[in-house]
There are 2 protein chains.
Amino acid sequence: MQKQETLTKNQKIILDLIEKSDQPLKAYSILFDVKKKGINAPLQVYRALNKLVKIGKIHKIESRNAFIACKNSKCQIAKATVFSICESCEDVTEIHDHKLSEHLRDFKDNKGMKYNKYNLEFFGLCKKCV
Amino acid sequence: MQKQETLTKNQKIILDLIEKSDQPLKAYSILFDVKKKGINAPLQVYRALNKLVKIGKIHKIESRNAFIACKNSKCQIAKATVFSICESCEDVTEIHDHKLSEHLRDFKDNKGMKYNKYNLEFFGLCKKCV
DNA sequence: TTAATTATGTTATATTATTACACAGCGTTA
DNA sequence: TAACGCTGTGTAATAATATAACATAATTAA
Ligand SMILES: [Zn+2]
Ligand SMILES: [Zn+2]
Ligand SMILES: [Zn+2]
Ligand SMILES: [Zn+2]
């Protein structure tokens, strides 16, 4: 709940839309939906998306080129994300698993990389689709 | 070493190219490089890439839309991948960490998802770029 | 109040990936 | 043999995703 007040009009419009969906939305589908609100060009959408990703309000599902709202205010500002993705119905859920987060946070490779972010996507079949 | 002999000409050309690079290659840069070998269209490249991904010879770096050869013959056929990515020089390394793999393999969510695959990408700065 | 930073609006373009169609090769099996 | 299913090929067209470049406005910081 820290910086929401700094969002601009375009950013708010697009965040609202994404938050109303419980599933990821694609940039051009967002564009289509917000044309009635005066947002006319892809770049306007991408700029808002990039900002919202940066401040952790939304996450990008990399394997799907789609954007989903973060429901977890404790999310470490978009720096540590885990998703489960059903390959049949494309349902996406953000996962917050303390033990898993710990393992990932503490991971060290043997090459001296300094990590500041990770993204993990699990794929499979949800209960409905098995 | 199981099914290599079944690769077709296009698949071999493209796998060769990717294996010669220690860094990920993008589809259209591959296309450019293989034109001299008679591969003329994006689709020919994408078809080979998809096949090579499916059989685990290469992996897709989702956050970069790029493809890298798998150096690990024990890789569980493209079903369990971990990469480290330097955000400055874009150096990408595939990670094989037994303990991490175990944690990821054994992960269960609380929704009854049946997982068969995951992809994890770590981002940060490599030793050279710190 | 000036300067720096961030966002906007618009046009054009770059990059990534798929659809659709006609056909070729190969192994199975009837 | 012939018919079939399956996988791959070649080609053209197009869809989907994302950024560059430019001029301007609004917001913040000094
Ligand atoms: Zn989150
Ligand atoms: Zn499902
Ligand atoms: Zn591998
Ligand atoms: Zn680096």
Side-chain angles (χ1 to χ4, degrees), chain A residues 2-18 21 23-68 85 87 90 92 119 121, chain B residues 2-18 21 23-68 85 87 90 92 119 121:
Chain A
Q2 60 282 53
K3 290 190 167 184
Q4 174 125 20
E5 70 281 0
T6 71
L7 292 184
T8 66
K9 179 166 149 283
N10 287 0
Q11 290 160 6
K12 268 183 222 139
I13 290 170
I14 287 173
L15 178 56
D16 275 0
L17 183 68
I18 297 176
S21 165
Q23 286 302 301
L25 298 179
K26 308 204 130 209
Y28 277 73
S29 115
I30 292 169
L31 176 57
F32 180 86
D33 287 344
V34 297
K35 281 210 160 142
K36 57 187 89 120
K37 305 229 177 186
I39 294 177
N40 300 299
L43 192 45
Q44 295 175 288
V45 172
Y46 280 104
R47 287 198 279 226
L49 289 173
N50 291 341
K51 180 64 187 290
L52 293 168
V53 165
K54 198 191 262 181
I55 65 176
K57 291 290 179 189
I58 65 173
H59 303 303
K60 181 170 186 182
I61 312 298
E62 292 287 356
S63 65
R64 299 299 187 260
N65 299 315
F67 299 85
I68 194 168
I85 302 170
E87 290 185 299
E90 290 294 321
V92 173
N119 178 58
E121 299 180 6
Chain B
Q2 63 278 58
K3 290 190 167 184
Q4 174 125 19
E5 70 282 359
T6 69
L7 292 184
T8 65
K9 178 164 149 285
N10 287 0
Q11 291 160 6
K12 268 182 223 142
I13 290 169
I14 287 173
L15 177 58
D16 274 359
L17 183 66
I18 297 175
S21 166
Q23 286 302 301
L25 298 179
K26 308 205 129 209
Y28 277 73
S29 115
I30 292 169
L31 176 57
F32 179 86
D33 286 345
V34 297
K35 281 209 160 143
K36 57 188 86 118
K37 304 228 176 185
I39 295 178
N40 299 299
L43 190 46
Q44 295 175 288
V45 173
Y46 279 105
R47 285 197 282 225
L49 289 173
N50 291 341
K51 179 65 188 290
L52 293 169
V53 165
K54 197 191 262 181
I55 64 177
K57 290 290 180 189
I58 65 174
H59 303 302
K60 182 172 186 183
I61 312 297
E62 292 287 355
S63 66
R64 298 300 187 260
N65 300 313
F67 300 85
I68 194 169
I85 302 170
E87 291 185 298
E90 291 294 322
V92 173
N119 178 57
E121 298 180 6

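Proteins get letters first, then strands, A, B, ... in listed order; numbering begins at 1 in each. Both backbone and side-chain heavy atoms feed into the values below; hydrogens, waters and symmetry mates do not.
As a whole-Å value, the separation of Ile14(A) CD1 from dT8(C) C1' is 12 Å. We find that CZ of Arg64(A) is positioned 19 Å from P of dT16(C), with the value rounded to whole Å. In this structure, the NZ atom of Lys12(A) is 11 Å from the P atom of dT8(C), given to the nearest Å. As rounded to whole Å, 12 Å separates atom C1' of dA14(C) from atom OH of Tyr46(A). Put simply, CD1 on Ile61(B) is 20 Å from P on dT15(C), counting in whole angstrom units.
Between Lys51(A) and dA7(C) there is a side-chain polar atom (N or O) within less than 4.0 angstrom of OP1 or OP2. For dT6(C), neither phosphate oxygen OP1 nor OP2 lies less than 4.0 angstrom from any side-chain nitrogen or oxygen of Thr8(A). Between Asn10(A) and the phosphate of dG9(C), there is a side-chain N or O to OP1/OP2 separation shorter than 4.0 Å. Listed pair Gln11(A) / dA7(C) meets the phosphate criterion, a side-chain N or O lying under 4.0 Å from OP1 or OP2. Remark: Lys26(B) is in phosphate contact with dT16(C), judged by side-chain N or O atoms under 4.0 Å from OP1 or OP2.
Annotation: side chain to side chain donor-acceptor pair (under 3.5 Å) contacts of Glu121(A) (sequence neighbours excluded): Ser63(A), Asn119(A). For Glu87(A), the side-chain contact (heavy atoms from CB on, under 4.5 Å) partners are Arg64(A), Phe123(A), Asn116(B), Lys117(B), not counting sequence neighbours. Annotation: side-chain contact (heavy atoms from CB on, under 4.5 Å) contacts of Tyr28(B) (sequence neighbours excluded): Leu31(B), Pro42(B), Tyr46(B). Taking Leu43(A) as the reference, Arg47(A) meet the side-chain contact (heavy atoms from CB on, under 4.5 Å) condition, with sequence neighbours excluded.
Across every non-hydrogen atom of Leu49(B) and Phe67(B), the tightest pair is CD1-CE1, 3.6 Å. Here the closest heavy-atom approach between residue Gln11(B) and residue Lys51(B) is recorded as NE2-CG, 3.5 Å. Looking at every heavy atom in both residues, Ile85(A) comes nearest to Glu90(A) through CG2-OE1, 4.3 Å.
From Ile13(A), atom CD1 reaches atom CD1 of Ile39(A) across 4.0 Å, with rounding to the nearest 0.5 Å. Expressed to the nearest 0.5 Å, how far CG of Leu25(B) lies from CD1 of Ile30(B) amounts to 5.0 Å.
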Under 3.5 Å between N/O atoms: give me all the protein pairs with nucleotides 20-26 of chain C, atom names plus distance.
none

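Taking the side chain as every heavy atom from C-beta outward, Val34(A) and Asn10(A) never approach each other to under 4.5 Å. Ile58(B) is not listed as a side-chain neighbour of Ile14(B), based on a closest heavy-atom distance of 4.5 Å or more. For the pair Ile68(B) and Lys60(B), the minimum side-chain heavy-atom distance is 4.5 Å or more. In this structure, the side chains of Thr6(B) and Ile55(B) stay at 4.5 Å or more apart for every pair of heavy atoms.
Between the two ends of the helix from dT1(C)-dA30(D) to dA30(C)-dT1(D), each summarised by a five-pair axis, the helix axis turns through 40° (rounded to 10 degrees).
Remark: Asn40(A), Ala41(A) in residues 31-41 of chain A come within less than 4.0 Å of DNA chain C through at least one heavy atom.
With a cutoff of under 4.0 Å to any heavy atom of chain A, the contacted region of DNA chain D is bounded 5' to 3' by dT17(D) to dA21(D).
Not one N or O on the side chain of Asn50(A) forms a donor-acceptor pair closer than 3.5 Å with the backbone of Ala48(A).
Remark: ring of Tyr28(B) overlaps the six-membered base ring of dT16(C) in a stacked fashion, centroids less than 5.5 Å apart, planes less than 30° apart.
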